[in-house]
Participant: 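Quick one: structure below, then a few questions.
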Amino acid sequence: ERPSRRDAAIWMALAAVPSALLISVTAHLSTDVAPSPFLWVIPLALYLVTFVLVFQQSPALPQGAMVLIQPPLLVGLVATMVFSVHDYLPLVMLLHVTAFFVTAMVCHGELARRRPAAGHLTAFYMWMSAGGVIGGVAAALIAPEVFSWVAEYPILIVLAILCRPGLTLASRRETILTLITFAVAAAVIVIPAVAFEATLDSPSFYWSLGVLLALALAASQLKSPLAFAALIALAFLVFRSYETELERVRSFFGVHKVIDRGDG
């Protein structure tokens with residue numbers, strides 16, 4: 001059958017998210033984690049390798065395995081970000097790069113799975129290329145002008161979760177499961193914050209975020225990308241709402257912050 005506009009939009013989205021994620025993870029690693037020359041080569045090489053792997057006749061890395069290991073990698077990645085883990089930089093960088101590679105494999109694997117018959121491959125590759133361009137422009141040119149920090153990185157992590165197979169926005173089960181998990185997660189965050197007057201450095205706050213990420217991992221195993229994405233987004237929003245910054249400026253060299261730690 002002739003591909004529809006919906007098919008074209010899905011192809012563009014599945015290509016745009018990894019393309020934008022490539023730029024955002026490179027910006028995060030090279031400015032906020034470990035500023036190093038030529039660090040950008042590693043994510044770019046892995047990004048290109050994913051195309052080679054997923055479009056093989058017999059993929060060396062099965063799509064099912066990538067979908068299975070992506071959630072724990074993303075939960076671990078989000079934990080290092082919301083808990084501001086700065087120790088063991090090589091391991092942190094390895095986690096970022098591995099999570100990016102697996103996420104790109106999942107998105108591009110879905111692209112390969114959804115490719116049409118040979119008669120429509122020209123349109124398929126055109127829309128896929130257009131999606132890559134849109135993602136690159138959004139992350140490289142638009143995001144630095146809009147955000148004062150690398151906000152596109154957590155946003156793209158959430159969007160990448162929505163690219164997982166099994167997303168059905170019209171499903172009643174998906175909607176109910178998302179609402180239940182979101183309500184439980186909100187209670188996990190709100191109750192300790194109100195009862196113990198939690199701050200960003202308090203044990204109750206870290207405990208709450210830890211439980212929230214555990215719920216996100218559980219939601220991913222229920223094959224509910226929407227609930228998984230909602231909980232990860234909530235973790236990022238809670239972390240951002242507790243940060244106390246007087247000023248934040250983003251430049252070519254990174255993100256510069258002025259923080260009041262209350263030490264007098």
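In this text the structure is predicted, and so the values were computed from the model without any measurement.
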Participant: Run the side chain to side chain contact (heavy atoms under 4.5 Å, CB included) check on Gln70 and Phe228 step by step: do they pass?
Facilitator: CA-CA 12 Å; Gln70 186 194 26; Phe228 185 23; 5.9 Å; no
Participant: Yes or no on side chain to side chain contact (heavy atoms under 4.5 Å, CB included) for Phe147 and Ile155, after CA distance, side-chain angles and deciding distance?
Facilitator: CA-CA 11 Å; Phe147 303 116; Ile155 291 174; 3.8 Å; yes
Participant: Which heavy atom of Ser19 sits nearest a heavy atom of Gly136, and at what distance?
Facilitator: OG-N, 3.4 Å
Participant: Could you give all pairs that pass the ring-ring contact (aromatic ring centres under 6.0 Å, His included) test and reach residues 47-80, with sequence neighbours left out?
Facilitator: Tyr47-Phe51, Tyr47-His108, Phe51-His108
Participant: So which atom in Ala140 and which in Pro144 form the shortest heavy-atom distance, rounded to 0.1 Å?
Facilitator: O-CG, 3.4 Å
Participant: Check the hydrophobic clustering (I, L, V, M, F, W, Y; side-chain heavy atoms under 4.5 Å; chains of links allowed) and say if Val49 and Leu22 are grouped together.
Facilitator: yes
Participant: To the nearest 0.5 Å, how far apart are CG in Leu156 and CD1 in Ile23?
Facilitator: 9.5 Å
Participant: Say whether, by atom type as modelled, one donor and one acceptor occur between the side chain of Ser24 and the main chain of Ala20 under 3.5 angstrom.
Facilitator: yes
Participant: To the nearest 0.5 Å, tell me how far Leu53 CG sits from Leu48 CG.
Facilitator: 11.0 Å
Participant: Going by heavy atoms in the side chains, are Thr98 and Phe101 under 4.5 Å from each other?
Facilitator: no
Participant: Against Val78, only a single residue in Val75, Val82, Thr80 fulfils side-chain contact (heavy atoms from CB on, under 4.5 Å); can you say which?
Facilitator: Val82
Participant: Taking atom CD1 of Ile157 and atom CG of Leu162, what is their separation to the nearest 0.5 Å?
Facilitator: 12.5 Å
Participant: Compare every heavy atom of Pro3 with every heavy atom of Asp7, then report the nearest pair and how far apart it is.
Facilitator: OD2-CA, 3.6 Å
Participant: Can you tell me how far the CD1 atom of Ile142 sits from the CD1 atom of Ile134, to the nearest 0.5 Å?
Facilitator: 9.5 Å
Participant: When you group the ILVMFWY residues by side-chain heavy-atom contacts below 4.5 Å and let the links chain together, are Val52 and Val41 in the same group?
Facilitator: no
Participant: Following the transitive rule for hydrophobic clusters with a side-chain heavy-atom cut-off under 4.5 Å over Ile, Leu, Val, Met, Phe, Trp and Tyr, establish whether Val54 and Leu44 coincide in one cluster.
Facilitator: yes
Participant: If I take atom CG from residue Leu68 and atom CE from residue Met66, how far apart are they, to the nearest 0.5 angstrom?
Facilitator: 9.0 Å
Participant: Set out, in order, the CA-CA distance, both residues' side-chain angles and the distance that settles side chain to side chain contact (heavy atoms under 4.5 Å, CB included) for Ile42 and Met93, then state yes or no.
Facilitator: CA-CA 11 Å; Ile42 299 175; Met93 292 177 61; over 6 Å; no
Participant: Would you say the side-chain atoms of Arg164 pair up with the backbone N or O of Val67, donor to acceptor, closer than 3.5 Å?
Facilitator: yes
Participant: Is it the case that the side chains of Arg113 and Gln63 hold a donor-acceptor pair, with the cut-off being a distance below 3.5 Å and no angle test?
Facilitator: no
Participant: Does Arg114 use its side chain to pair, donor to acceptor, with the backbone of Leu111 at less than 3.5 Å?
Facilitator: no
Participant: Considering all heavy atoms of both residues, which atom of Pro116 and which atom of Leu121 are nearest to each other, and what is their separation?
Facilitator: O-CD2, 3.8 Å
Participant: What pairs meet the ring-ring contact (aromatic ring centres under 6.0 Å, His included) rule with one or both residues in residues 116-141, with sequence neighbours excluded?
Facilitator: Trp11-Phe124
Participant: Please answer: with hydrophobic residues joined when any side-chain heavy atoms are less than 4.5 Å apart, are Ile161 and Met105 in the same cluster?
Facilitator: yes
Participant: Please check if the side chain of Glu110 supplies one atom and the backbone of Pro165 the other of a donor-acceptor pair under 3.5 Å.
Facilitator: no
Participant: Could you tell me the separation between the CG atom of Leu77 and the OG1 atom of Thr103, rounded to the nearest 0.5 Å?
Facilitator: 8.0 Å
Participant: Could you check if a side-chain atom of Ile232 sits within less than 4.5 angstrom of a side-chain atom of Leu74, using non-hydrogen atoms only?
Facilitator: no
Participant: Aromatic contact between His28 and Phe100, with the criterion being ring centroids under 6.0 Å apart: yes or no?
Facilitator: no
